Each structure stands twice: as C-alpha cells, then as structure tokens.
Amino acid sequence: MTKALIVVDVQNDFCPGGALAVAEGDLIVDGINAAMTEFDLVVLTQDWHPAGHISFATSHAAKNPYETVNLPYGTQVLWPDHCVQGSHGAAFHIDLKQDRANLIIRKGMTTSIDSYSAFFENDQTTPTGLEGYLRTHGVTDLTMVGLATDFCVKFSALDAVKLGFSVTVRQDLCRAVNLEGSEEAANKEMSAAGVILI
Ligand code: VGL
Ligand code: ZN
C-alpha cells in the first residue's frame, strides 16, 4: 500500500480575505502540515486560471457571482474572479509547507473549461495528468484535504474512486463554500460513492 496526501487548493483566494473566501479556510493549514509526515507522497493542487476564465462571472454579460450558466459540458457555477495565474490570490497560504510537496499540479488553465477535480477538467474527459503520476509511483490510497469540500475536494474524491483508488476525506482538514446546502449534499454524495469520510 502506498499512500498519498492530496492537498486541494489551499490558496489565498479561498481563505478569509480572499476573492472566493471559504469560512475558516485558513484554520486547516497547521493540521495539513502535520498530516504531511504520515504519507509516502504529498501532492498540492493549485487552481490556476487565466484572466477572463469562463468560470468568472465577469466573463459573462449580465451575470453575477454564484449564478449559473449552461456550457457545452453542463451547468457551471459562476465565481468572482479568483486564482488568476501569478496573482497573490493564486499563491498558496503563506504557512502551507510547500517544501514537503512531491508534486504541485495546476488546474483550471483551459480558458473555456473549469476544473474542480484534480484528475479531470469539468468536461470529465480532459486529464490533468495526476492519475498517471500516482500510478507511476504505485499509489493505491489517497487522503484528501483542503478547499473547498463541496467543490474541488468532492469532485477530486469522486473521480479518484471511479479510477479505483481507495479514498478518504479528512473532514476536519477541509472547509466548504456551502452554497444552498452544498456541503451536506457533497458529504452524502461522497459517502454513497464509497469515499471514507473521517
Ligand atoms: C474551487 C470554485 C472555483 C475550489 C475552485 O477549489 O473548490 N471552487 N474554483
Ligand atoms: Zn476556480
């Protein structure tokens, strides 16, 4: 058994004061740093959008953040501009121990497709390359932590189960955006899919 910790999007824009702030997003950082020592490999993901990304409300006429649009790949929630490549908001939280990461994987770089999952973009076909990396290293078991539980953590966990990994989500080391009950819905969906929630 080879275990990897997947640290999802612990970036300034998802922490208090950021463009798409998740309540208490910063409170999980110390626990994540401590958890890193328990794994064979540590992967950090980084939401990394070009300016004018399709997931930004500002890219659509007469749309506000948190409204939705229908795109070729399905319904897309629109967000405030966030995690723009090279910006302070896109940088990892200052206290996150980046030196312990074996791999940093960036996602959401295709202007016309969002990417919540660390494995596939929201079209559910374009791979990020993370699966190949983990398989090459013989990884069988994944533990996921980070932001946000109900979007990037959830979609990453669901894809990982579909790909055949054994998947645990440490809820104490995640925080949710929680749009209209999306946190509870995400937990149910993950449980039903076979994700172990602890
Ligand atoms: C995320 C919304 C937009 C996340 C990323 O990391 O959960 N959520 N982009
Ligand atoms: Zn994003």
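Read the numbers this way: they start at 1 and go in the same order the structure lists the ligands and their atoms. The chain is numbered in sequence order, starting from 1. Remember, it's a predicted structure, so these values are computed and weren't measured experimentally.
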(Q) Under 3.5 Å, is there a donor on one side chain and an acceptor on the other for N187 and Q171? (A) yes
Q. Within the stated cut-off of 2.8 Å, is an N/O/S atom of D47 closer than that to the Zn ion (ligand 2)?
A. yes
Q) Taking 2.8 Å as the cut-off, does an N/O/S atom of C83 lie below it from the Zn ion (ligand 2)? A) no
Q.
Please determine whether the number of non-hydrogen atoms from other residues, nucleotides or ligands lying under 6.0 Å from atom NZ of K188 exceeds 12.
A. no
Q.
Which residue in the set D172, T168, L173, T143 passes side-chain contact (heavy atoms from CB on, under 4.5 Å) when paired with I198?
A. T168
**Q.** For the student: nearest non-hydrogen atoms of Q11 and D47, plus distance
**A.** OE1-N, 2.6 Å
**Q.** Per-ligand residue contacts, ligand 1, heavy-atom threshold under 4.0 Å
**A.** D9, F14, L20, D47, W79, H82, Y116, L147, A148, F151, C152
Q: Examine H82 and say whether one of its N/O/S atoms is closer to the Zn ion (ligand 2) than 2.8 Å.
A: yes
**Q.** Side chain proximity check, L44 to I105, heavy atoms < 4.5 angstrom
**A.** no
Q: Can you see which heavy atom on T45 is nearest to which on F92, and at what distance?
A: O-CE2, 3.4 Å
Q.
Below 30° counts as parallel, above 60° as perpendicular, anything between as tilted: where do the rings of Y116 and W79 land?
A. perpendicular
